Amino acid sequence: MTILKDFISIALELTALFVGISFVIHLLQGFIPYKRMEELMDRSHPLLSALIAVAFAFVTPFCSCSTIPIVVNLLRNKVRFPIVMIFLFASPVLDLTILSLMTYLLGWKVAIAYTFLTTAFSIIIGFALSAFGFERQLKNVMVENFSAPENGIDIKKAIRETLTLMRNVYPFLIIGAGIGSVIHGSVPEEWITTYLGGENWWLVPIAAIIGIPLYIRLSTMIPISHILIAKGMALGPVMALMIASAGASFPEMTLLHSIFKKKLVVAFIGSVLIMSTMSGFLFYLI
């Protein structure tokens, strides 16, 4: 009964937040000049272009797999390789709806630190891959039937996009709420504190390695993370697991292999592991 009550409570809270925030964000997306942002990413100073790529990632609420068509389109339009890679790393892990939920459940300090670290590592890794010559590992792939969202406020369109997002993402949010409720009601707090708490550094790389094959969406991880941290699990491995599972997945690797040669796919996986592991260690300082 306690598990059911926890689930209903968490699910209702997350549903209200998810629907409200998603609708507002989709409504405001009518103001975003996507074509102009794409032009700026290609023509501005590299650092400014990197920040625009991160901003573009913020306003495109995609999971790791649905980011790929945008990446292909940017490459087709000759946007610079490091800028495209920055978007590729940032897009799945930076989402305004999910960050709003993170702020509500985990606190603004965690949300700000998460945003700063994922942004910084996305930019650093994007430029590093370019400096090491990985641009030569691209394949010639074209994307068909892709078009940027049109500008202008459209309430009906915002409602449709919110409903679409709910169909694609909301089930994972409810799954996360269910798993979190089970953990909260059945896993002893002493067990989590003893084995997953404290500053056991080795938990961070293990969590990062486990995260990639799991392919847990951020929408699923947020409520699970909330419960795990409340029960005593250290913040570092939780964040490493969250970033790794959102930043890469087996389905995404398959898609990336169609546009990247093998060395770049391996470099991408290694970069996600570095991002999640280093971020996890830095979260111990919070």
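Note that the structure is a prediction, hence the values are computed from the model and not measured.
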Closest heavy-atom contact between Ala208 and Leu273?
O-CD2, 3.6 Å
Same apolar cluster (I L V M F W Y, side chains within < 4.5 Å links), Phe81/Leu48
yes
Between Phe134 and Phe260, is any pair of side-chain heavy atoms under 4.5 Å apart?
no
Can you tell me how far apart NZ (Lys263) and CZ (Arg136) are? Round to the nearest 0.5 Å.
9.0 Å
Report yes if some heavy atom in the side chain of Phe283 is under 4.5 Å from a heavy atom in the side chain of Pro237; otherwise report no.
no
Distance from Phe87 atom CZ to Leu94 atom CG, nearest 0.5 Å?
10.5 Å
OG1-CZ distance between Thr277 and Phe121, expressed to the nearest 0.5 angstrom:
9.5 Å
Any chance you could measure Ser276, atom OG, to Ile209, atom CD1, to the nearest 0.5 Å?
9.0 Å
Which pair of heavy atoms, one from Ser279 and one from Ile243, lies closest together, and at what distance?
CB-CD1, 3.6 Å
Does Ile123 have any side chain to side chain contact (heavy atoms under 4.5 Å, CB included) partners at least two apart in sequence or in another chain, and if so, which?
Ala50, Leu51, Val54, Ile86, Thr119, Phe127
Tell me whether Tyr284 contacts the main-chain N or O of Ala234 through its side chain, where contact means a donor paired with an acceptor under 3.5 Å.
no
Using 0.5 Å steps for rounding, measure from the CG atom of Leu88 to the CE atom of Met85.
5.0 Å
On a heavy-atom basis, which atom in Ser225 and which in Met242 lie closest, and how many Å separate them?
OG-CE, 3.0 Å
Any side-chain heavy atom of Pro46 within less than 4.5 Å of one from Arg80?
yes
Is Trp108 isolated, or which residues cluster with it under the ILVMFWY side-chain rule of less than 4.5 Å, directly or via members?
Ile112
Return the CG to CE distance between Leu106 and Met239, rounded to the nearest 0.5 Å.
5.0 Å
So, Thr103 side chain and Leu99 main chain: donor-acceptor pair closer than 3.5 Å or not?
yes
Leu264 and Gln137: which non-hydrogen atoms are nearest, and at how many Å?
CB-CB, 3.6 Å
Residues Met275, Ile124; criterion side chain to side chain contact (heavy atoms under 4.5 Å, CB included); working and verdict:
CA-CA 10 Å; Met275 178 194 292; Ile124 292 170; over 6 Å; no
Step by step, work out the side chain to side chain contact (heavy atoms under 4.5 Å, CB included) result for Leu235 and Ile229.
CA-CA 6 Å; Leu235 185 59; Ile229 293 170; 3.3 Å; yes
Sequence neighbours excluded, which residues qualify as side chain to side chain contact (heavy atoms under 4.5 Å, CB included) partners of Ser271?
Phe89, Ile125, Leu129
Is Phe268 reachable from Val266 through a run of I, L, V, M, F, W or Y residues, each pair having side-chain heavy atoms under 4.5 Å apart?
no
